[in-house]
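Report on the following structure.
Here the structure is a predicted model, which means the values were calculated and not measured. Convention: sequence-line order gives letters A, B, ...; per-chain numbering from 1.
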Amino acid sequence: GAVVSQHPSWVICKSGTSVKIECRSLDFQATTMFWYRQFPKQSLMLMATSNEGSKATYEQGVEKDKFLINHASLTLSTLTVTSAHPEDSSFYICSARDSHQPQHFGDGTRLSIL
Amino acid sequence: KNQVEQSPQSLIILEGKNCTLQCNYTVSPFSNLRWYKQDTGRGPVSLTIMTFSENTKSNRRYTATLDADTKQSSLHITASQLSDSASYICVVSAAYNTDKLIFGTGTRLQVFP
């Protein structure tokens, strides 16, 4: 149980493009979803926390206009990297939880901006 | 400052051997400690979750220990397999915000035949 799915798993796009990443909880209703970014050989860094139906809470230093988060349903959250540039290239990982269990992580999305 | 430190940073062992990874934390007040396995290019997968009152927890060939007094944890892997090659991450939650996970930098384990 507690499966979290991310899509796409890998995306390559040109600089200036906006990219949308989806995170779905497949077998539970996720009251809270989290978005992380991980650079090579580093720990996961929390970008933002989103609760269904409300605005996301961003961590210090994360631009909310750059990383748009939507959590419109209990099973889906999306992260849109707007006008992506090479420095946005990273591994983006979502996690989700309900009120009964801890966070379960998706398999991540490798974003490469050319 | 809440921190989680892991050692060693990297480890190479031969298939079939055992190994132990260490985690020290300064998180307070403590809620729980988790060990995750992260394969290259994949998301973290939970191995064990331990609360204050738990000293040992096993999951197949993985055994985690927790000493809440010294704020130390270990992850012991028995009879290693090639598929154990991955990063192992120690993650601690503070009682005042269990959603804010505090990640260690991980131990990169490589198992060779």
Taking atom OG of B:S73 and atom CG of B:N55, what is their separation to the nearest 0.5 Å?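 CG of B:N55 is found 11.0 Å from OG of B:S73.
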Report the donor-acceptor contacts between chain B and chain A below 3.5 Å as a table, one pair per row.
from, atom 1, to, atom 2, distance (Å)
B:Q38, OE1, A:Q38, NE2, 3.1
B:Q38, NE2, A:Q38, OE1, 2.9
B:R42, NE, A:D107, OD1, 3.2
B:R42, NE, A:D107, OD2, 2.9
B:R42, NH2, A:D107, OD2, 2.6
B:G43, N, A:D107, O, 3.4
B:G43, N, A:D107, OD1, 3.2
B:D99, O, A:Q103, NE2, 3.0
B:D99, OD1, A:R97, NE, 2.6
B:D99, OD2, A:R97, NE, 3.4
B:D99, OD2, A:R97, NH2, 2.9
B:K100, NZ, A:E59, OE1, 3.1
B:G104, O, A:S43, OG, 2.6

**Asked** Could you give all pairs that pass the disulfide (SG to SG under 2.5 Å) test and reach residues 63-114 of chain A, with sequence neighbours left out?
**Response**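 Sorted pair list: A:C23-A:C94.
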### Message
Between B:I89, B:V91, B:L101, who has the most heavy-atom pairs with chain A when the cutoff is under 4.5 Å?
### Response
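With the most close heavy-atom pairs to chain A, the winner is B:L101.
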B:V111 versus B:S80, closest heavy-atom pair with distance: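 Nearest heavy atoms, B:V111 then B:S80: CG1-OG, 3.8 Å.
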Q) Taking only residues at least two apart or on different chains, which pairs with a member in residues 84-98 of chain B satisfy salt bridge (charged side-chain N to carboxylate O under 4.0 Å, His left out)? A)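 Of all non-adjacent pairs touching residues 84-98 of chain B, those that pass salt bridge (charged side-chain N to carboxylate O under 4.0 Å, His left out) are B:R61-B:D84.
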* To do: Kindly determine whether B:T56 and B:T65 satisfy side chain to side chain donor-acceptor pair (under 3.5 Å), including the steps that lead there.
  => CA-CA 4 Å; B:T56 304; B:T65 65; over 6 Å; no
Practice problem: Could you list who else is in B:I49's hydrophobic cluster, with ILVMFWY side chains joined at under 4.5 Å, directly or through other members? | Solution: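 ILVMFWY cluster around B:I49 holds nothing else.
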Pick from A:L44, A:L46, A:V4: which one has the most heavy-atom pairs with chain B under 4.5 Å?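 Highest number of heavy-atom pairs under 4.5 Å: A:L44.
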For B:F52, look at atom CZ and say whether over 12 heavy atoms of other residues, nucleotides or ligands are found less than 6.0 Å away.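 No.
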